[in-house]
Amino acid sequence: MSIPMSGIQYQYGKNDLFAVVIAFRYLIPSKDFLVFKRKLAALIDHTSKKLVHIDSDELLNKMGFPPNWKNITRYRLTS
(Lines give C-alpha, C1' and ligand atoms only; values in the text may rest on other atoms or scores of the structure.)
Protein backbone atom coordinates (compact mmCIF):
# COMPACT_ATOMS: atom_id res chain seq x y z
CA MET A 1 0.00 0.00 0.00
CA SER A 2 1.49 3.30 -1.01
CA ILE A 3 0.92 5.79 1.80
CA PRO A 4 2.09 9.32 0.91
CA MET A 5 5.02 10.72 2.85
CA SER A 6 5.96 14.21 3.92
CA GLY A 7 9.74 14.14 4.13
CA ILE A 8 10.52 10.95 6.05
CA GLN A 9 7.16 10.84 7.87
CA TYR A 10 4.02 9.07 6.67
CA GLN A 11 1.02 11.39 6.24
CA TYR A 12 -1.52 8.79 7.39
CA GLY A 13 -1.71 6.14 10.08
CA LYS A 14 0.17 7.79 12.94
CA ASN A 15 -2.26 9.67 15.19
CA ASP A 16 -5.59 9.14 13.47
CA LEU A 17 -8.34 6.58 13.03
CA PHE A 18 -6.33 4.83 10.32
CA ALA A 19 -3.65 4.11 12.94
CA VAL A 20 -6.26 2.05 14.81
CA VAL A 21 -7.11 0.15 11.61
CA ILE A 22 -3.40 -0.59 11.08
CA ALA A 23 -3.08 -1.81 14.67
CA PHE A 24 -6.12 -4.07 14.25
CA ARG A 25 -4.55 -5.50 11.08
CA TYR A 26 -1.63 -6.73 13.17
CA LEU A 27 -3.41 -7.57 16.42
CA ILE A 28 -6.51 -9.53 15.45
CA PRO A 29 -6.76 -12.71 13.37
CA SER A 30 -6.97 -12.16 9.61
CA LYS A 31 -10.48 -13.62 9.37
CA ASP A 32 -11.73 -11.23 12.07
CA PHE A 33 -9.97 -8.30 10.46
CA LEU A 34 -11.67 -9.01 7.12
CA VAL A 35 -15.07 -8.92 8.85
CA PHE A 36 -14.12 -5.66 10.59
CA LYS A 37 -12.89 -4.10 7.35
CA ARG A 38 -16.00 -5.13 5.43
CA LYS A 39 -18.28 -3.61 8.08
CA LEU A 40 -16.17 -0.46 8.34
CA ALA A 41 -16.19 0.00 4.56
CA ALA A 42 -19.98 -0.41 4.51
CA LEU A 43 -20.36 2.19 7.27
CA ILE A 44 -18.09 4.65 5.48
CA ASP A 45 -19.90 4.13 2.17
CA HIS A 46 -23.31 4.52 3.83
CA THR A 47 -22.22 7.69 5.62
CA SER A 48 -20.59 9.27 2.58
CA LYS A 49 -23.79 8.75 0.55
CA LYS A 50 -25.75 10.72 3.15
CA LEU A 51 -23.30 13.65 3.32
CA VAL A 52 -24.02 16.62 1.09
CA HIS A 53 -21.23 19.00 2.07
CA ILE A 54 -18.18 16.77 1.59
CA ASP A 55 -17.37 13.94 -0.79
CA SER A 56 -16.10 10.49 0.17
CA ASP A 57 -12.43 11.40 -0.42
CA GLU A 58 -12.68 14.35 1.94
CA LEU A 59 -14.45 12.19 4.54
CA LEU A 60 -11.63 9.65 4.37
CA ASN A 61 -9.05 12.44 4.63
CA LYS A 62 -10.76 13.91 7.72
CA MET A 63 -10.62 10.47 9.35
CA GLY A 64 -6.94 10.09 8.45
CA PHE A 65 -7.49 7.39 5.82
CA PRO A 66 -5.57 7.35 2.53
CA PRO A 67 -7.79 6.98 -0.56
CA ASN A 68 -6.55 3.38 -1.04
CA TRP A 69 -7.14 2.29 2.57
CA LYS A 70 -9.03 -0.85 1.51
CA ASN A 71 -5.78 -2.25 0.08
CA ILE A 72 -4.53 -2.85 3.62
CA THR A 73 -5.42 -6.54 3.31
CA ARG A 74 -3.31 -7.02 0.19
CA TYR A 75 -0.11 -7.02 2.20
CA ARG A 76 1.09 -10.03 4.08
CA LEU A 77 1.83 -9.82 7.75
CA THR A 78 5.36 -10.59 8.75
CA SER A 79 6.03 -12.87 11.68
Side-chain angles (χ1 to χ4, degrees):
M1 181 166 58
S2 176
I3 299 174
M5 297 183 77
S6 178
I8 61 169
Q9 296 289 320
Y10 286 106
Q11 291 179 355
Y12 301 102
K14 298 183 306 184
N15 296 314
D16 48 35
L17 183 57
F18 191 58
V20 176
V21 174
I22 292 170
F24 281 175
R25 174 74 170 109
Y26 288 95
L27 294 174
I28 64 176
S30 292
K31 189 167 88 172
D32 295 334
F33 181 78
L34 289 174
V35 171
F36 164 76
K37 186 186 117 181
R38 188 175 333 111
K39 289 181 179 184
L40 179 61
L43 285 170
I44 291 170
D45 290 343
H46 177 75
T47 302
S48 73
K49 287 177 185 172
K50 293 195 174 273
L51 297 174
V52 293
H53 298 292
I54 63 173
D55 62 18
S56 60
D57 289 336
E58 189 174 352
L59 174 63
L60 289 173
N61 187 42
K62 297 282 186 193
M63 294 188 324
F65 282 53
N68 64 344
W69 76 274
K70 292 178 186 177
N71 293 345
I72 192 169
T73 51
R74 289 186 182 174
Y75 300 91
R76 301 189 91 185
L77 299 176
T78 56
S79 302

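Sequence positions, counted from 1, serve as the residue numbers for this chain. Computed from a predicted model, the values in this text were never measured in an experiment.
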Where do [X] and [Y] come nearest, in terms of heavy atoms and distance?
X: Arg25; Y: Thr73; result: NH2-O, 3.6 Å
X: Ile44; Y: Leu59; result: O-CD2, 4.1 Å
X: Phe18; Y: Trp69; result: CE1-CB, 3.8 Å

Determine whether [X] and [Y] make a side-chain contact, defined as any pair of heavy atoms from C-beta on separated by less than 4.5 Å.
X: Lys49; Y: Ser56; result: no
X: Leu60; Y: Met63; result: yes
X: Phe33; Y: Leu27; result: no

Query raised in the report: Side chain of Lys37, backbone of Lys70: donor and acceptor closer than 3.5 Å?
Result: yes

**Report entry** Side-chain (Asp55) to main-chain (Glu58) donor-acceptor, under 3.5 angstrom
**Finding:** yes

Query raised in the report: Mind checking whether Ile22 and Val20 sit in one hydrophobic cluster, side chains of I, L, V, M, F, W, Y counted as touching below 4.5 Å?
Result: yes

Requested in this report: Report whether Ile28 and Leu17 are members of the same hydrophobic cluster (ILVMFWY, side-chain heavy atoms less than 4.5 Å apart, transitive linking).
Outcome: yes

Query raised in the report: Of Leu40, Asp57, Ile72, which is the lone residue that meets side chain to side chain contact (heavy atoms under 4.5 Å, CB included) with Phe65?
Result: Leu40

